[in-house]
Structures are given as structure tokens and as C-alpha cells.
Trainee: 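Dropping the structure in here first, questions after.
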2 protein chains.
Amino acid sequence: MRNRNITIGDVARLAGVSNATVSRALQKPDVVSEKTREKVNAAVLETGYTQNVMARNLRLDRTGMVVALVPDISNPFFSEILSGIESVATREGYNVLIANTNNDPAREHIYASYVQSNLADGILLLNGHVPVPNGAQKIIGDMSNLPPMVALCERIPNVDLPTVVIDNVDAACLATQHLIEMGHTNIVHVAGPIDNILTKDRRDGFLSALENAGLAQNLSDIFYGDFTINSGKQAFGKINQKEAIPTAIFCANDEIAMGVISAAREAGFSVPDDISVVGFDDIEIAEHYYPTLTTIHQPRRQLGVVAMEQLVELISSADAKIADLTTLGSQLIIRKSVKKVE
Amino acid sequence: MRNRNITIGDVARLAGVSNATVSRALQKPDVVSEKTREKVNAAVLETGYTQNVMARNLRLDRTGMVVALVPDISNPFFSEILSGIESVATREGYNVLIANTNNDPAREHIYASYVQSNLADGILLLNGHVPVPNGAQKIIGDMSNLPPMVALCERIPNVDLPTVVIDNVDAACLATQHLIEMGHTNIVHVAGPIDNILTKDRRDGFLSALENAGLAQNLSDIFYGDFTINSGKQAFGKINQKEAIPTAIFCANDEIAMGVISAAREAGFSVPDDISVVGFDDIEIAEHYYPTLTTIHQPRRQLGVVAMEQLVELISSADAKIADLTTLGSQLIIRKSVKKVE
DNA sequence: CTGAAAGCGCTTACAG
DNA sequence: CTGAAAGCGCTTACAG
């Protein structure tokens, strides 16, 4: 078995002081005499004492832990966001439990209940919805009773939560405009899952760009997928069956775009010579893909930083004044997957 | 502030029983009478009680948490491994704290000390070395005192730890042999960081394949990088300065391979027509890259599964008999980045 | 089957 | 500046 834990009592005995004094010497060194402090420090070294954080947290009714609910950590989109979250967490004395939910409500629930169970102080929602808690119905409608939470990347409809996002409608509109400016008129859109809020926003942006340009908007020109490479491939299969093959495709994320490009290539088309493609997110591989991908850059790290800062504030003071909605800037990155048509 | 916590005492009062009975009714239902159990369950529902896991853990001297030390979560290589780890963790009642260390010893230390601090029951080492703990020198040499740990993906030299890996030497040899079988004789290797154990193993495999084939082995044909796309690009820059441009390049991982391919293309070479490239790892994007990447497939999910299973065993019984070294199979995946030379 | 009591390791008002 | 004591929320031998 593990050795018996070395406790504050062991240190106290060796230093010849009380537990209380050891605790103070460690937590608030300036409140004890220098002599005592030195005795305690020596005893800590000699015993190899390390604080039992669980006991401390139990006593203080805090945990120093924050849960990040991520639908899929294998998605490269999230890694830099998490890195931003962690940098703030480290600075503020929190640790981040990255909870991979796979969009499984049961798993979301487990991790959400960490807060109720005093295993975490707050939750970062990267999954686009509020996890349904234990008592289900009881909580809905009584939002004031929810644990500290901040949503990021995807805003959550009908819920009053601090939220950190980019303007997806605007960005999608910008991306589509770029295609239009490059002379394309037959443009289709490969979207995400039909009920997803990002799908809605980016599709709205796409449609409004077409509308502004006076181009036809056929809802049949929107193909739904699930943000994966494979769904991009499948979508291209359908696009390839149209009588008039479009000259440009706006994809709701980079992975879809890579799937579209890869399937187009297999079908004998060249990107961008035959078909131009624009992605969304600017994941790391985008600039190394072939062709390098024109896409919308999201300030991923910054999204994480701002959201975590807001969560920390929320945890430390319940009546903190946090903006409901923080919108960060995004930008169109022009690379080589789009070609001008004459 | 958060509401006062609802405790086991509140439930007990409402149910008209003692705290002890509530605890039993919840943890070992069969040991209380049915009538009592029902009263307690009703009271739990009415109060909305949820267990304070921290208090429970403090009492039981366990945490139900395991730390996975990952050098870089943004590296797609790790995501599927983590997913394997998590599937076992969920099944066994553990949660996984994914600790992104960025190879920063300080961060490794913080997370490693979670075990000492009773915040975690064990550690999964995906970073290739044992974190240096608080008391530093004290621990070295007294391995019996280390917390439960399992190393995976990278074996750790000079340390006696359960380890789950593939045979990197063999696999690298196989990959190089493939190039040789395809008629290549001028082959170079782009390796990882020079002091990394994977670098060593894969380089050894590369060299032994050359030796077996009676091909020249110039150590100047090995270019060191750091497993990133950019290091692959840089390496190709140097390769391109050789008087005799090699016809084949074995890369120590897929990201290097993608960097090499991308730089080669920019320099006017075609892969595989001019230069064949083999990667290592078979990350998700490998089969969607252009050209699709011939590479070594690592059973990533399985690596995570086996390692976590071993860790659980180690935690639950200190004298569990765990194999020192578990070697999982890998395989060469042939795609389109290699061409036969006549 | 159930309760009273001790104890996990810590912190902090309260006295002095 | 320091100590004795209470208490965070839980579980479990020990009696009954």
C-alpha cells in the first residue's frame, strides 16, 4: 500500500508547534514569526510533507478545478482554445479538467455534476448546449441556481449565459463575398449538422452574401454534413451529381473543405483550377494542405483566454458583472484554394 | 454565493434516520432494510442531494482521478490514445485529467504532485520521462516510493516502469524496407529531436534496414527536426541542397512527412513521382493528405486502453504483477506517397 | 438492521 | 504571534 500520508500534524510535531501554526506558516507566512517559519520550513523539508489539497478544498469549499466540456478532443480545432484556457487557469491557480463528452449527454452530465459534487468550481461549455443536470426539470427555469458557466465558440440559444464567440454570420458572409469577388456565380455551401447553431449562422452568412450580390439562392445548393472530413467527401459526391457543377464551394469548416478537395481530386477535378474552395476555422493543417486553404481565421487561443477569465471572475464573485456576449474579431486568410474566374 | 450545500445530514433529518444509515442506503443498498432505503431515496429526491465527492474521497483516501501527462494536446497523435484511456477510465470509475505539459518541467511537476496531494491516484506518462517530483534527489533511487505510473508510446530509459509501446525499431525497419523493395537506393531520414527515445529507435530501424540491404549508411543522411510540420519543411530545405537529391525520404512521423511533401512541392518536386515519402503514426489526416500518405499505423486507441488497464490494476493492488513491457503490433499502411523506381 | 462516535487532513475564528 | 477547538461532509468499525 501507499505509505501513510505525511500530514500537517507530523510537521507540527517535528517543529514543536501546533497544526494551526504550520498551516499559517505555509499559507500566510507573514503572520508567523520568522523563527517559527524557519522551524516549520525545516520540518517540511525533513518530512517531505505535501499538502493534501482535497482536505484543504473540503475545508475551504473550493476545488481549484474547472471543467471544460469538449465534444471531441480529437478535433484539432479545440487544442489551441484549450491552450488559451490553460494559460489563464495556471495563472489564476486553477486546473482544467478536459472532459471529452463525445456529445454523449450521460458523459456531459457526469462532468457537469462535478460542480455539484464539489469537484469543480465552474464549467466551460464548448459543446453548444447546457448539460442537463441531475434534477433535470427542477433546474430549468431557475437559472440563478446554475453553477458558474461560460459558453464559448458556440453561443447557446435561449440561455442567458456569458458567451465568447466570433461573429459567424459576418465571417461566413465575408468568405462568400470573396468567392463572389473572384467572379464565381455558381456557388454551393457544405454545412454542418442541420440543427447546429454554427451551421445556422454560417449558412445565414452564406445566403446573405448571395442575396447582397443578387445571386440565386437555392436551398438545394446547401449540403449538410457533420464537420468531418468524411462528410465533406460525401457532400462532394452529391455536388458532383448536379447538372451544372459549381465553380466554388464554401465549406462550414476546414475539415469539410479538406474532404471536399480530396473527393474532388479523386473525381478528376483540380482545386482551384476547376473548383474553388473556402474553409472556416483556420486549423493548423490548413496552411500546409494542398492546395493551401483559404479560410476564416478564428482567434482560437484568445477565445479560450477570454472565456476562462470570465469564468474565474464568475466563480470568485457571484454578482460579477460579465458581458452577456463577447464577440472577438475574425479574418479571411487568402491562400491558394480559390482562383479567379474570367 | 452558492447555496449552502445539501449534506447527508439534511437527508438524514428528512428521512428520520442517522447519517450513517443514509450513507449505507446510498453506498450499499442491500445492507439496509427496504423500508429505510425507500425513505432515504425519497428524501434524496426531495432535497436534491448529491454526494460531496471530495469529502468521500478524503475519507476513503482515494480520488477516482488519474492524470495523463501529455506533452502537447494539439498534437493529433494523442487524441485517439486519450480516447482509449478514457473509455477504460469511465468503465472503471475514474476520471482523466489531461495535463498539457508543453514539456515544461514545472508543469509536469505540478500535475505529478497531484498524486502526492491526493488529487489523483495515478499517472499516465505520455511524455517520455518521469516528472521530477518535489523532493527531487530524495525520490530518485527509491523507485518503490513512486506513485502508480504507467508509461506509454515512449518507453523511458533507465526506469523500471510498466510500459506500453509498439516496437519502433522494427516498424521503422519495415518502413525503410518498403522503400528499398520499391527500388530506392538513395534514401534519407528526417528524424525527431536528437535526444528523444523515439528518434533513436526509429533511426536505428532505418539504419538496420539499410545495412540489411547492403546500402550505404551515411550519418549525414539523417536530418533532425522536432516532429512538427515546420521541421519537416526545414529538413527538406537541407535535403534539397545535397548534390544527389534522394529519391526517397523516411520521416519519423506523419507531420514531418507532410512538411517534407509540402516543401518538396513548393520546390518543384512531385511526390511520389520525383520523391517517395513514408511517414510514421498514421494520424487521421494521413489518408486524406495529398498524396495519401504511406505510413506506419500505430494502434493508438489500444495503447491507451492497455496502459489505463494496467494503471487501474496498479492502483488497486500495490503488488499487482504487471508486465514491465507490453509491445503492441503495428503495421505498414501502403498508400500513394511511394512510387516504384525502375 | 441501525445509531453514536471517531476520524480523514485541513483552516480559521476565538482567546490569550 | 500562537494554541485549542470546532467543523468541512463523509464512512465505518463497534455496539447494540
Side-chain angles (χ1 to χ4, degrees), chain A residues 1-41 43-44 47-64 113-121, chain B residues 1-41 43-44 47-64 113-121:
Chain A
M1 284 306 280
R2 237 179 295 170
N3 310 339
R4 189 184 72 78
N5 296 321
I6 295 162
T7 72
I8 211 169
D10 300 318
V11 177
R13 207 166 307 117
L14 189 63
V17 297
S18 72
N19 289 11
T21 299
V22 173
S23 176
R24 288 190 199 103
L26 263 25
Q27 304 307 321
K28 319 181 174 175
D30 43 312
V31 86
V32 300
S33 75
E34 191 182 332
K35 217 171 103 200
T36 307
R37 208 184 314 139
E38 282 166 3
K39 275 192 298 184
V40 170
N41 286 338
V44 166
T47 54
Y49 169 75
T50 54
Q51 185 184 59
N52 182 321
V53 178
M54 253 178 11
R56 163 159 223 252
N57 287 346
L58 174 60
R59 182 53 232 250
L60 298 183
D61 195 24
R62 62 97 73 179
T63 75
S113 68
Y114 271 38
V115 178
Q116 292 175 57
S117 309
N118 291 307
L119 272 174
D121 297 325
Chain B
M1 285 306 281
R2 236 178 294 169
N3 309 340
R4 188 183 73 80
N5 296 320
I6 295 160
T7 73
I8 210 169
D10 299 319
V11 178
R13 206 166 308 119
L14 190 63
V17 297
S18 72
N19 289 11
T21 298
V22 172
S23 176
R24 288 190 198 102
L26 263 25
Q27 303 308 319
K28 320 182 173 176
D30 43 314
V31 87
V32 300
S33 74
E34 190 181 331
K35 217 171 103 200
T36 308
R37 208 183 317 138
E38 282 166 1
K39 274 192 300 186
V40 170
N41 287 338
V44 166
T47 54
Y49 169 75
T50 54
Q51 185 184 59
N52 181 322
V53 178
M54 253 178 12
R56 163 161 223 251
N57 288 345
L58 174 60
R59 182 54 232 249
L60 298 183
D61 195 22
R62 62 98 71 181
T63 73
S113 67
Y114 271 38
V115 179
Q116 293 175 57
S117 310
N118 292 307
L119 271 175
D121 296 326

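Chain letters run A, B, ... following the sequence lines, proteins first, then strands; residues in each count from 1.
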Trainee: With respect to the side chain of A:I8, which nucleotide from C:dT11, D:dT11, D:dC8 is positioned closest?
Mentor: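 My answer, after comparing the listed nucleotides, is C:dT11.
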Trainee: With distance as the sole criterion, is a donor-acceptor pair present between the side chains of B:T63 and B:N57 under 3.5 Å?
Mentor: no
Trainee: Using a cut-off of strictly less than 4.0 Å, decide whether A:T21 has a side-chain nitrogen or oxygen near OP1 or OP2 of D:dG3.
Mentor: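 The answer is yes; a side-chain N or O of A:T21 sits under 4.0 Å from OP1 or OP2.
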Trainee: Distance check needed: C:dA13 P versus A:D61 CG, whole Å only.
Mentor: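 Those two atoms, CG and P, are 14 Å apart.
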Trainee: Contact between A:V40 and A:R37 at the side-chain level, heavy atoms closer than 4.5 Å - yes or no?
Mentor: no
Trainee: Rounded to whole angstrom, note down the C1' distance from D:dG16 over to D:dT12.
Mentor: 16 Å
Trainee: Taking only N and O in the side chain of B:Q27, is any of them less than 4.0 Å away from OP1 or OP2 of D:dT12?
Mentor: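 No, B:Q27 has no side-chain N/O under 4.0 Å of OP1/OP2 on D:dT12.
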Trainee: So, is B:S23 near the phosphate of D:dT11, with a side-chain N or O under 4.0 Å from OP1 or OP2?
Mentor: yes
Trainee: Any chance you could encode DNA chain C as dot-bracket? Rule is Watson-Crick or G-U wobble with both distances under 3.5 Å; [ ] for pairs crossing earlier ones, | for another strand.
Mentor: |||.||||||||.|||
Trainee: Quick check for you: among C:dG9, D:dT11, D:dC10, whose closest atom lies nearest to any side-chain atom of B:L60?
Mentor: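 In terms of side-chain proximity for B:L60, the closest of C:dG9, D:dT11, D:dC10 is D:dT11.
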Trainee: Would you compute the distance between atom OG1 of A:T50 and atom CD1 of A:I8 and round it to the nearest 0.5 angstrom?
Mentor: 11.5 Å
Trainee: In whole angstrom, what separates A:K28's NZ from D:dT2's P?
Mentor: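 In whole Å, D:dT2 P lies 15 Å from A:K28 NZ.
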Trainee: In whole angstrom, give the distance that lies between atom CG of B:N57 and atom P of D:dG9.
Mentor: 15 Å
Trainee: So, for A:V44 and A:T47, which heavy atoms are closest and what is the spacing to 0.1 Å?
Mentor: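 For A:V44 versus A:T47, the nearest heavy atoms are O-OG1, 3.1 Å.
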Trainee: Indicate, with a heavy-atom threshold strictly under 4.0 Å, whether A:V53 touches base, sugar-phosphate, or nothing.
Mentor: nothing
Trainee: What is the distance, rounded to the nearest whole Å, between atom CZ of A:R59 and atom C1' of D:dA6?
Mentor: 8 Å
Trainee: Could you pull out the closest heavy-atom pair between A:N19 and A:A12, with the gap in Å?
Mentor: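 Looking at all heavy atoms of both residues, the closest pair is OD1-CB, 3.4 Å.
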Trainee: Hey, could you give me the NZ/NZ distance between A:K39 and A:K35, rounded to the nearest 0.5 Å?
Mentor: 6.0 Å
Trainee: Expressed as a whole number of angstroms, how long is the span from A:M54:CE to D:dC10:C1'?
Mentor: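 About 11 Å, once rounded to whole Å.
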Trainee: Taking all non-hydrogen atoms of both residues into account, name the closest pair between A:Y49 and A:T7 and its distance.
Mentor: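 Heavy-atom minimum between the residues: CE1-C, 3.6 Å.
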Trainee: Start at the 5' end of DNA chain C and walk down; is the nucleotide closest to B:V17 or to A:N52 reached first?
Mentor: B:V17
Trainee: Are A:Q51 and A:L26 side-chain neighbours, meaning at least one heavy-atom pair lies under 4.5 Å?
Mentor: no
Trainee: With heavy-atom distances below 4.5 Å as the criterion, would you say the side chains of B:L58 and A:N52 are in contact?
Mentor: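 Heavy-atom side-chain distance check passes, below 4.5 Å.
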Trainee: Without decimals, in angstroms, what is the distance between A:L58 CG and C:dT12 P?
Mentor: 13 Å
Trainee: Nearest to the A:A20 side chain among D:dT12, D:dA4, C:dC10, which nucleotide is it?
Mentor: D:dA4
Trainee: Please list residues of residues 31-41 of chain B whose heavy atoms come under 4.0 Å from any atom in DNA chain D, ordered by number; otherwise none.
Mentor: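 Residues of residues 31-41 of chain B under 4.0 Å from DNA chain D: none.
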Trainee: Send over the distance from B:R56 CZ to D:dC10 P, rounded to a whole Å.
Mentor: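 B:R56 atom CZ is separated from D:dC10 atom P by 11 Å.
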Trainee: List every contact pair, protein side and nucleotides 14-16 of chain C side both N or O, where the distance is under 3.5 Å.
Mentor:
none

Trainee: Would you tell me if any nitrogen or oxygen in the side chain of A:T7 comes within less than 4.0 Å of OP1 or OP2 on C:dG9?
Mentor: no
Trainee: I need the minimum non-hydrogen distance between B:R62 and A:M54, along with the two atoms involved.
Mentor: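 Scanning both residues completely, I find the closest heavy atoms to be O-CE, 3.7 Å.
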Trainee: Tell me: CG of B:N19 to P of D:dG9, nearest whole Å?
Mentor: 11 Å
Trainee: Could you tell me the separation between the CG atom of B:L60 and the CZ atom of B:R56, rounded to the nearest 0.5 Å?
Mentor: 5.0 Å
